[in-house]
Amino acid sequence: QVQLVESGGGLVQAGGSLRLSCAASGRTFNMRAMGWFRRAPGKEREFVAAISWSGGNIYYADSVKGRFTISRDNAKNTVYLQMNSLRPEDTAVYYCAAHRTFYSDSDYDNQYEYDYWGQGTQVTVSS
């Protein structure tokens, strides 16, 4: 079992930055790829970024590439999402998730490959 708790969301002006954190409990965090997803009002949940269990592979959605950075600290059981140059269209609830398969980042952008989810943290970007 993995329990995930996100933090770091809030209200920020366009062009600003936020850093989300996702703290994990359980012994298998460092065996799993981790992903960030988001759900904007009235829209489906979408992939944002993912990082392999070792941190060696990193993936981004085109919409955030060059602005967001995902990282992880396996010693702290934590994954981060640094968000820069925020835009109003980044407004959403952001969720972190743990991949269902150990040592795999297959289908990293498919939410159904993730078995464990946090409760989400709201990010609001004002124009």
Side-chain angles (χ1 to χ4, degrees):
Q1 290 282 353
V2 179
Q3 294 183 323
L4 303 172
V5 179
E6 303 97 336
S7 62
L11 173 63
V12 64
Q13 288 189 329
S17 298
L18 283 174
R19 189 193 196 202
L20 305 184
S21 298
C22 173
S25 64
R27 296 179 298 168
T28 64
F29 171 81
N30 60 1
M31 303 177 193
R32 299 179 186 269
M34 297 295 295
W36 285 97
F37 290 77
R38 67 186 181 187
R39 177 179 283 145
K43 294 188 176 181
E44 298 292 318
R45 186 158 58 186
E46 65 175 3
F47 168 74
V48 175
I51 186 167
S52 62
W53 64 275
S54 66
N57 294 329
I58 288 177
Y59 312 94
Y60 296 102
D62 288 343
S63 59
V64 307
K65 204 170 293 183
R67 301 187 298 122
F68 290 11
T69 302
I70 189 172
S71 61
R72 67 188 296 161
D73 185 337
N74 283 347
K76 295 183 178 180
N77 275 20
T78 303
V79 62
Y80 305 97
L81 186 68
Q82 177 67 43
M83 306 186 295
N84 298 330
S85 303
L86 282 161
R87 305 167 180 168
E89 54 264 39
D90 294 318
T91 295
V93 178
Y94 284 72
Y95 301 89
C96 69
H99 201 278
R100 63 191 303 179
T101 305
F102 294 164
Y103 305 117
S104 172
D105 55 0
S106 63
D107 293 326
Y108 57 85
D109 57 350
N110 181 349
Q111 62 180 314
Y112 297 106
E113 291 296 317
Y114 295 82
D115 270 356
Y116 303 99
W117 293 83
Q119 82 288 350
T121 186
Q122 176 71 47
V123 171
T124 303
V125 184
S126 63
S127 56

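Not measured: the values here are computed from a predicted model. In what follows, every heavy atom counts, from backbone to side chain, and hydrogens, waters and symmetry copies are set aside.
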Q) Tell me, which pairs form a salt bridge (Lys or Arg N to Asp or Glu O under 4.0 Å) where one or both residues lie in residues 68-86, sequence neighbours left out? A) none
Q. Which residues pass the side chain to side chain donor-acceptor pair (under 3.5 Å) test with Asp90, sequence neighbours left out?
A. Arg38, Arg67
(Q) Restricting to side-chain contact (heavy atoms from CB on, under 4.5 Å), what partner residues turn up for Val12, sequence neighbours left out? (A) Leu18, Leu86, Val125
Q: Would you please name every residue forming a side chain to side chain donor-acceptor pair (under 3.5 Å) with Ser71, sequence neighbours left out?
A: none
Q) Between CZ of Arg32 and CG of Asn74, what distance do you get to the nearest 0.5 Å? A) 12.5 Å
Q | Side-chain touch Leu81/Val48, heavy atoms, less than 4.5 angstrom | A | yes
(Q) For the backbone of Cys96 and the side chain of Glu6, can you confirm whether one donor and one acceptor N or O come within less than 3.5 Å of each other? (A) yes
(Q) We want to know whether Gln122 and Thr124 form a side-chain donor-acceptor pair, criterion being a heavy-atom distance below 3.5 angstrom. (A) yes
Q) By side chain to side chain donor-acceptor pair (under 3.5 Å), which residues pair with Asn77, not counting sequence neighbours? A) none
Q) Gln3: what forms a side-chain contact (heavy atoms from CB on, under 4.5 Å) with it, not counting sequence neighbours? A) Ser25
Q) CD1 of Ile51 to OH of Tyr80: how many Å apart, nearest 0.5 Å? A) 11.0 Å
Q.
With salt bridge (Lys or Arg N to Asp or Glu O under 4.0 Å) as the rule and sequence neighbours excluded, what pairs involving residues 50-63 come up?
A. Asp62-Lys65
Q. Who are the ring-ring contact (aromatic ring centres under 6.0 Å, His included) partners of Phe68, not counting sequence neighbours?
A. none
**Q.** Results of side-chain contact (heavy atoms from CB on, under 4.5 Å) for Ser54 - residues two or more places apart only
**A.** Ser52
Q. Taking ILVMFWY side chains as joined if any heavy atoms are under 4.5 angstrom apart, and letting links pass through other members, which residues group with Phe102?
A. Met31, Trp53, Tyr103
Q: For the residue pair Thr121 and Val93, establish whether any side-chain heavy-atom pair is separated by less than 4.5 Å.
A: no
Q | Pairs touching residues 103-126 that satisfy salt bridge (Lys or Arg N to Asp or Glu O under 4.0 Å), sequence neighbours left out | A | none
**Q.** Short side-chain to backbone donor-acceptor contact, Ser104 and Thr101, under 3.5 Å
**A.** no
Q. Could you give the distance from CZ (Arg100) to CG (Asn110), rounded to the nearest 0.5 Å?
A. 9.0 Å
Q | Passing candidate, ring-ring contact (aromatic ring centres under 6.0 Å, His included) with Phe47, options Tyr60, Tyr112, Tyr95, Tyr108 | A | Tyr108
Q: Quick one: which residue pairs count as a side-chain hydrogen bond (donor to acceptor under 3.5 Å, both in side chains) with a foot in residues 14-24, not counting sequence neighbours?
A: Ser17-Asn84
